There are 2 protein chains.
Amino acid sequence: MSQVTAPQDGAAVLDAEEIEQISRAAWYYYNDGLTQNQIADMLGVSRIKVSRLLEKGRQSGLIELRINSPHQGSMALQEELIAAFGLADARVVPAAPVGTAGAARIGRAAASLLMQHLVPNDLLAIGWGDATSTTLRYMAPVFPQSNISLVSLTGGVSAYIGTTGLYGPQGFAHLIPTPLRVSSPELAEMLRLEPYVRHVLDMALTAKLAMIGVGSVARSATLVRYGYCTATEIELFTRRGAVGDILGYFYDRDGQILDLEVHRHVVAVTPQDMRQIPSVVAAAAGPEKVEAILGLLRGRLANILVTDEPTARDLLRRI
Amino acid sequence: MSQVTAPQDGAAVLDAEEIEQISRAAWYYYNDGLTQNQIADMLGVSRIKVSRLLEKGRQSGLIELRINSPHQGSMALQEELIAAFGLADARVVPAAPVGTAGAARIGRAAASLLMQHLVPNDLLAIGWGDATSTTLRYMAPVFPQSNISLVSLTGGVSAYIGTTGLYGPQGFAHLIPTPLRVSSPELAEMLRLEPYVRHVLDMALTAKLAMIGVGSVARSATLVRYGYCTATEIELFTRRGAVGDILGYFYDRDGQILDLEVHRHVVAVTPQDMRQIPSVVAAAAGPEKVEAILGLLRGRLANILVTDEPTARDLLRRI
DNA sequence: ATTTGCATGGAACAAATGATCGGTAGCAGA
DNA sequence: TCTGCTACCGATCATTTGTTCCATGCAAAT
């Protein structure tokens, strides 16, 4: 089983003092319009340092840009998506510049959306995937102080949570301590019945908000890259009608979960159970995901969508 | 009666198309880190135009920079204020750089706070003063699309609402169409009983959120500058124990409303009635306001405070 | 004691940004 | 029609910003 390597740069861990310094610099810079030199004088550090502080603040998600327009997003597309698919909310980010990684952009938008919905002491359920991972990266600096807890919907999440290093001692995160997929149905069943696993699975269903990624059925799918599936298996599922997956479960173009052997190997909340969660945020973008998102929305497997502009247009074109 | 002149630059009025363009540019610039040149190419406009779009977005409050730390503000001072005065919330902005106008900074922070509390179709009650005025400036672009309505707590507000030009035809704003202070108690009483005035006064009390400024008793008080009081009167009130005013009513160091003749000339909701509003946000900063804020907080005339760092320290020093 | 790693500060440079200026197009009124 | 008047637009230029390379200092590890 291939290990999950830290995707890009490790999420910076910020201590309270640094957060204070960044906040201060950010205020002076963005709200007061001072130059970095002036700020450096006021803070008693070098101009370079101010530049680095601001950079770190932006990278870590501590400094967030919010655009205030209809429902705090923009683009008429959002309204169309909401109307067309009966969603509770949607967020559409502008088209990706050129060859930039989509997941990071979507993740940022999703983080912003989640933070607007979350209140202190909330519980956030999280699924599996690139988009989920990057979303957490941007939210990480906020959690500790807001008393927001995490709970995983699937196994295999611990890998990329661990890398943030934020959830060490206090344990704000309740993770299913298993892989996403195990080698036999019997083992999967045993794990699901394991008290702590069961406890986490139950807890996940009490969350008010869930955030999941959407997997496509491509040879380069994240599931394949991480070694949970082989390209051959994906091929097979496709012939059975699969257009995408959530939480490791594959579904067809109408969002119906397929009856596949592999599902019996998965340690995760089922999409059926997940309907108990009032708000399920799906984040995904890219031409290869269009079919998967369509199925997801047709099957009402999620009611909030975060995507980008071209993907939104594609979705609307195919009703 | 001196007219209210447009304080600084008139609030820019943005049409839907421009908002779209600004949103898009802002995303590419702040979230994707593209240069203005690249954005210009993508949008098909000149680089300088992008620069101006971004500038306009920041000025108008459409682009908001949010700093995520404890309860989306920063500074341990906030917690101390909340604890010391039994507040529902507080926001402390860093010390003002040098001789910059405090009201604008506080206004921006207040706008950010209000936008986080408001949901579409809410009603926001507003008082009188510089801070209130600048706060509205930053919120103006957001209102029309969010279906947020305004209602004034006092007379004399229409002057600076009118300047934004935003509330022309649709009438999202319900303003008391009188001056703050009139020349005789009889006239004030007649106006208060006037059906429409009465209607607005009643409506104001149904708001969930109110935003007020805090007046100091200085020769340079805003009330004096705008001609509603003479410096001599202020002098007199001070000798009677006044430390500040809200909505045109003066109170003493314990927040008790004084029994002054001038109060009978005021057309406004009374501080007593305002207690019906669950969240009252007071925004003020500066050494000359410290006594006024202290009285306000002691008398529980507001339960949310927006101020700056030196003021917060002063407040805490004097318990 | 030495080494190693890391955060910081400084200098210098290239890139990006914002401000100023003049030009042009619309537009109201004489 | 002409004359201001305003708003927008683009070019130029000074300032600001980010980056690179190197030196320094501190602290943990050897």
Side-chain angles (χ1 to χ4, degrees), chain A residues 6 8-63 65 67 94 97-98 100 104 141 163-165 168, chain B residues 5-6 8-65 67 97-98 100 104 108 141 163-166:
Chain A
Q8 30 262 76
D9 53 335
V13 180
L14 311 174
D15 60 12
E17 188 181 353
E18 195 155 32
I19 288 182
E20 177 79 21
Q21 216 172 14
I22 291 176
S23 304
R24 196 174 284 264
W27 245 94
Y28 289 138
Y29 189 71
Y30 288 108
N31 286 339
D32 293 335
L34 301 190
T35 75
Q36 296 185 354
N37 258 320
Q38 296 172 288
I39 300 171
D41 289 345
M42 297 179 62
L43 265 54
V45 297
S46 68
R47 183 187 71 81
I48 315 277
K49 169 112 185 174
V50 174
S51 183
R52 287 178 186 146
L53 282 175
L54 291 171
E55 176 64 19
K56 200 185 279 192
R58 276 171 299 208
Q59 289 305 332
S60 66
L62 221 170
I63 298 175
L65 171 88
I67 297 169
V98 273
T100 46
T163 65
T164 71
Chain B
T5 56
Q8 30 263 75
D9 52 337
V13 180
L14 311 174
D15 61 12
E17 187 181 354
E18 195 154 31
I19 288 182
E20 177 78 21
Q21 216 172 13
I22 291 176
S23 304
R24 195 174 285 263
W27 245 93
Y28 289 137
Y29 189 72
Y30 289 108
N31 285 340
D32 292 336
L34 301 191
T35 73
Q36 296 183 354
N37 256 321
Q38 296 172 287
I39 300 171
D41 289 346
M42 298 179 61
L43 265 54
V45 298
S46 68
R47 182 190 72 79
I48 202 70
K49 169 108 187 177
V50 174
S51 183
R52 286 182 185 138
L53 282 175
L54 290 171
E55 176 64 19
K56 199 186 279 191
R58 276 173 300 210
Q59 290 304 332
S60 66
L62 219 174
I63 298 175
E64 185 200 343
L65 176 92
I67 299 167
V98 274
T100 45
R108 195 175 263 270
T163 65
T164 72
L166 279 172

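This is a predicted model, so every value here is computed, not measured. The sequence lines fix the lettering, A, B, ..., with proteins before strands; numbering per chain opens at 1.
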ask   = What is the distance from atom CD1 of A:I22 to atom CD1 of B:I67, rounded to the nearest 0.5 Å?
value = 10.0 Å
query = Starting at CG of A:L53 and ending at C1' of D:dT17, how long is that distance when rounded to a whole Å?
reply = 15 Å
Would you give me the side-chain donor-acceptor pairs under 3.5 Å for residues 42-55 of chain A, sequence neighbours excluded?
from	atom 1	to	atom 2	distance (Å)
A:S46	OG	A:K49	N	3.2
A:E55	OE1	A:R58	NH2	3.4
A:E55	OE2	A:Q59	NE2	2.8

key: For A:N31, side-chain contact (heavy atoms from CB on, under 4.5 Å) partners two or more places apart   = A:W27, B:L65, B:R108
task = For DNA chain C, note the earliest and the latest nucleotide, 5' to 3', having some atom under 4.0 Å of a heavy atom belonging to chain B.
result = C:dA16 to C:dT20
key: Per-nucleotide protein contact string for nucleotides 8-16 of chain D (B base, S sugar-phosphate only, - none; heavy atom under 4.0 Å)   = -BB-----S
request  = Mind listing the closest non-hydrogen atom pair of B:I39 and B:A25 along with its distance?
outcome  = CD1-O, 3.8 Å
key: Any residue meeting side chain to side chain donor-acceptor pair (under 3.5 Å) with B:Q38, in chain and number order, not counting sequence neighbours   = B:T35
